2 protein chains.
Amino acid sequence: MERVPLTSAAVVAAAAGLADEAGFEAVTLSAVARRLKVQAPSLYSHVKDREALLDGVAALALADLSQRIATAIAGRAGRDALDGFATAHREFAREAPGRWQSLQRRAGDTVVRSDAARRIVVLNKAVLRGYPIPEDQHVHAVRLLGATINGYLALERIGGFDHSHPSPDVSWRKTVQALDVLLTAWPADPGDPS
Amino acid sequence: MERVPLTSAAVVAAAAGLADEAGFEAVTLSAVARRLKVQAPSLYSHVKDREALLDGVAALALADLSQRIATAIAGRAGRDALDGFATAHREFAREAPGRWQSLQRRAGDTVVRSDAARRIVVLNKAVLRGYPIPEDQHVHAVRLLGATINGYLALERIGGFDHSHPSPDVSWRKTVQALDVLLTAWPADPGDPS
DNA sequence: ACTCCCAACCTATACCCATTAGGCATCTAC
DNA sequence: GTAGATGCCTAATGGGTATAGGTTGGGAGT
């Protein structure tokens with residue numbers, strides 16, 4: 001069995017794969033080392049510590065997500081773009097649950113300053129492009145979008161919808177519809193007649 | 001220093017206190033044992049395992065949250081009730097961050113079947129009472145409410161809003177306003193003219 | 001009062017984890 | 001050839017979870 005030399009990228013990729021298969025909390029240096037058939041201390045040649053490893057997974061995740069979103073909203077505007085955006089998020093959470101979960105923690109500096117993070121910001125604004133939202137309201141709209149979508153996926157993941165009917169798919173469609181309604185008629189600030 | 005006899009409730013309360021002070025992830029049997037000045041194995045007389053301990057914290061949290069919500073929406077309807085509801089959530093997340101976090105994981109059976117969980121369901125429906133939402137849409141509205149509010153608090157907690165302006169307080173008010181707009185004019189199903 | 005049983009604490013242990021320190025082998029540059 | 005850097009290893013430390021077995025004190029029964 002030929003052993004491939006380790007690299008930082010290979011270590012992070014192994015961690016990401018493990019996250020998706022066994023859950024984010026199962027990503028330990030020990031588990032990743034076993035997966036790569038080395039001893040755990042050997043990983044410190046490639047990652048600073050466990051925190052840095054998890055940040056590496058998060059950076060991978062963000063890159064993947066931003067790519068999915070870019071593809072999903074390309075050439076689309078308004079409700080179509082919103083649908084694509086929301087669907088990209090949900091499919092990412094489904095297909096790469098461990099990577100999705102890596103994004104639910106406070107991001108380290110390397111993640112915050114990554115190209116993928118910047119791309120996500122751009123894509124968030126792009127979704128709003130087809131809606132009549134004042135520029136000064138964009139940050140609120142982006143935050144509301146992110147909160148609602150991510151919040152929905154988080155509750156779904158922990159079984160928050162398991163104890164009521166109908167299936168989360170139905171409520172998801174209604175949720176995206178509601179977001180479209182909101183973005184289409186963004187509420188004015190109280191006391192602002194426009 | 002007189003040592004008070006341990007009880008299951010005391011162990012869970014100590015864990016909850018530790019969660020709020022040091023973070024949910026800091027709640028280990030070892031740390032709780034130190035807090036109570038006993039050895040970790042002694043806790044097994046009172047809790048089955050770590051998972052059960054964490055479920056105990058979640059049950060405490062849910063009871064606290066449901067009480068806060070009940071107080072905040074009592075005698076209120078429509079937008080007032082929604083404001084109280086949302087504020088109760090956010091203040092809970094602020095004042096008891098570790099307990100809040102205990103609710104972000106899949107709940108064990110004891111939590112799902114608790115009185116507090118049932119109370120939360122009732123209170124969720126009570127918030128909708130002042131809004132013209134068809135009965136068959138209540139589950140969607142409750143899920144959207146929970147997703148948006150919880151999602152907002154989660155993103156806020158992990159610093160998701162730290163890299164943009166203005167302060168999350170402003171976006172929070174807009175978010176609650178948006179929820180009110182939605183609940184006031186709940187979007188009809190596509191193809192449903194009413 | 002005495003005895004027995006049970007509950008609640010303890011220590012010891014096994015196994016897991018993260019991380020550091022030091023060793024060894026290989027490769028590269030001088 | 002030699003020295004230094006790199007990348008792996010083992011050993012060790014200190015933290016965690018959970019089980020097994022021991023001790024002590026309290027309560028109940030005779």
Side-chain angles (χ1 to χ4, degrees), chain A residues 1-60 98 101-102 105-111, chain B residues 1-59 98 101-102 104-111:
Chain A
M1 174 67 180
E2 189 85 356
R3 185 198 279 176
V4 184
L6 290 185
T7 64
S8 175
V11 175
V12 172
L18 183 60
D20 289 336
E21 288 163 31
F24 188 60
E25 68 292 334
V27 179
T28 64
L29 284 184
S30 307
V32 173
R34 276 193 299 273
R35 192 176 177 94
L36 295 169
K37 304 194 198 307
V38 296
Q39 303 303 309
S42 307
L43 298 185
Y44 290 95
S45 301
H46 305 280
V47 291
K48 176 168 176 295
D49 52 19
R50 182 168 183 259
E51 191 71 21
L53 175 65
L54 300 182
D55 272 352
V57 175
L60 256 197
Q101 218 181 342
S102 76
R105 54 197 275 283
R106 185 176 290 273
D109 275 353
T110 55
V111 181
Chain B
M1 176 70 179
E2 188 85 355
R3 186 200 280 176
V4 184
L6 291 184
T7 63
S8 176
V11 174
V12 172
L18 184 59
D20 289 337
E21 288 163 31
F24 188 61
E25 67 294 330
V27 179
T28 64
L29 282 184
S30 305
V32 173
R34 275 193 300 274
R35 191 177 179 95
L36 295 168
K37 303 193 200 306
V38 296
Q39 304 303 310
S42 309
L43 298 186
Y44 291 95
S45 303
H46 305 282
V47 291
K48 176 168 176 297
D49 52 19
R50 182 169 185 258
E51 190 70 22
L53 175 65
L54 299 182
D55 271 352
V57 174
Q101 218 180 342
S102 76
Q104 313 311 310
R105 55 198 273 283
R106 184 175 291 271
D109 276 352
T110 55
V111 181

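Each chain gets a letter, A, B and so on, in the order the sequences are listed, and its residues count up from 1. Values below: every heavy atom of this structure, side chains too, minus hydrogens, waters and symmetry copies. What you see is a predicted model, and the numbers here were worked out from it, not measured in a lab.
- With dC9(C), dT19(D), dT20(C) as the choices, the nucleotide that has an atom nearest any side-chain atom of Val38(B) turns out to be dC9(C).
- Each of dT19(D), dG7(D), dA18(C) was ranked by its minimum atom distance to the side chain of Arg50(A); first place goes to dA18(C).
- In this structure, of dC10(C), dC17(C), dA18(D), it is dC10(C) that holds the atom nearest to the side chain of Ser42(B).
- Whole-Å rounding puts the His46(B) NE2 to dA7(C) P distance at 12 Å.
- Distance from the side chain of Gln39(A) is smallest for dC9(D) among the nucleotides dT17(D), dC8(D), dC9(D).
- The side chain of Leu29(A) has dT19(C) as its nearest neighbour among dT19(D), dG16(D), dT19(C).
- Taking atom CG of Leu54(A) as the reference point, atom C1' of dA18(C) lies 12 Å away to the nearest angstrom.
- Note that the OG1 atom of Thr110(A) and the CG atom of Asp55(A) stand 4.5 Å from one another [nearest 0.5 Å].
- To the nearest angstrom, P of dT17(D) lies 13 Å from CD of Glu25(B).
- To the nearest angstrom, P of dT24(D) lies 19 Å from CG of Leu6(B).
- Closest to the side chain of Thr28(A), from the set dC9(D), dT20(C), dC17(C), is dC17(C).
- Counting non-hydrogen atoms under 4.0 angstrom, Ser30(A) reaches the backbone sugars and phosphates but no base.
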